[in-house]
Amino acid sequence: MPRRLRPPKTDRIFKHQLLQSPVVLADGVEKTIHGRRQGHLTAISLPQLEKLGLYAAPDVQP
C-alpha cells in the first residue's frame with residue numbers, strides 16, 4: 001500500500017514529506033513563470049499524487 005502524506009504543519013515538514021514520497025520527479029528546478037525566473041521549485045508527478053489520494057486542480061475562472 002502506498003504511503004500517505006500527512007497534513008503538513010510547516011513548509012519544511014511538507015518538503016521533507018514530499019521528498020520521502022514517490023511523487024517527486026526533480027528538486028531544485030528553475031523555471032521562468034510570467035517572465036520572471038523562479039528557483040527552488042519541485043517537480044511532482046500528478047499520477048503519483050493521485051495514488052496517494054491527493055489531487056491538483058488548476059484554478060479555473062469563468
Side-chain angles (χ1 to χ4, degrees):
M1 178 165 238
R3 269 179 85 183
R4 293 204 173 261
L5 293 176
R6 295 183 195 151
K9 295 184 182 191
T10 67
D11 59 335
R12 288 183 181 189
I13 290 174
F14 181 62
K15 178 81 175 226
H16 180 71
Q17 288 175 344
L18 269 181
L19 293 174
Q20 298 298 316
S21 73
V23 302
V24 175
L25 298 175
D27 187 32
V29 178
E30 288 188 13
K31 184 174 174 110
T32 302
I33 301 173
H34 299 294
R36 297 189 68 183
R37 186 173 150 218
Q38 304 293 323
H40 308 291
L41 300 175
T42 302
I44 59 173
S45 167
L46 295 180
Q48 288 290 344
L49 199 63
E50 288 179 8
K51 287 180 184 178
L52 294 174
L54 302 171
Y55 299 91
D59 185 21
V60 179
Q61 307 236 348

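It should be emphasised that the depicted structure is a prediction, and the values quoted were computed from it without experimental measurement.
Within the model, atoms NZ of K51 and OG of S21 stand 12.5 Å from one another, a figure rounded to the nearest 0.5 Å. L18 contributes atom CG, which lies 6.5 Å from atom CD1 of I44 (distance to the nearest 0.5 angstrom).
The hydrophobic cluster containing L54 also contains L19, counting ILVMFWY residues as joined when their side-chain heavy atoms lie under 4.5 angstrom apart, directly or transitively. Hydrophobic clustering keeps L46 apart from L25 (ILVMFWY residues linked when any side-chain heavy atoms are closer than 4.5 Å, directly or through intermediates).
The two atoms that bring Q38 and I33 nearest to each other are CG-CD1, 3.9 Å, heavy atoms only. Between L41 and K31, the shortest heavy-atom distance links the atoms CD1-CB, 3.8 Å.
Annotation: salt bridge (Lys or Arg N to Asp or Glu O under 4.0 Å) contacts involving residues 12-26, sequence neighbours excluded, comprise K15-D27.
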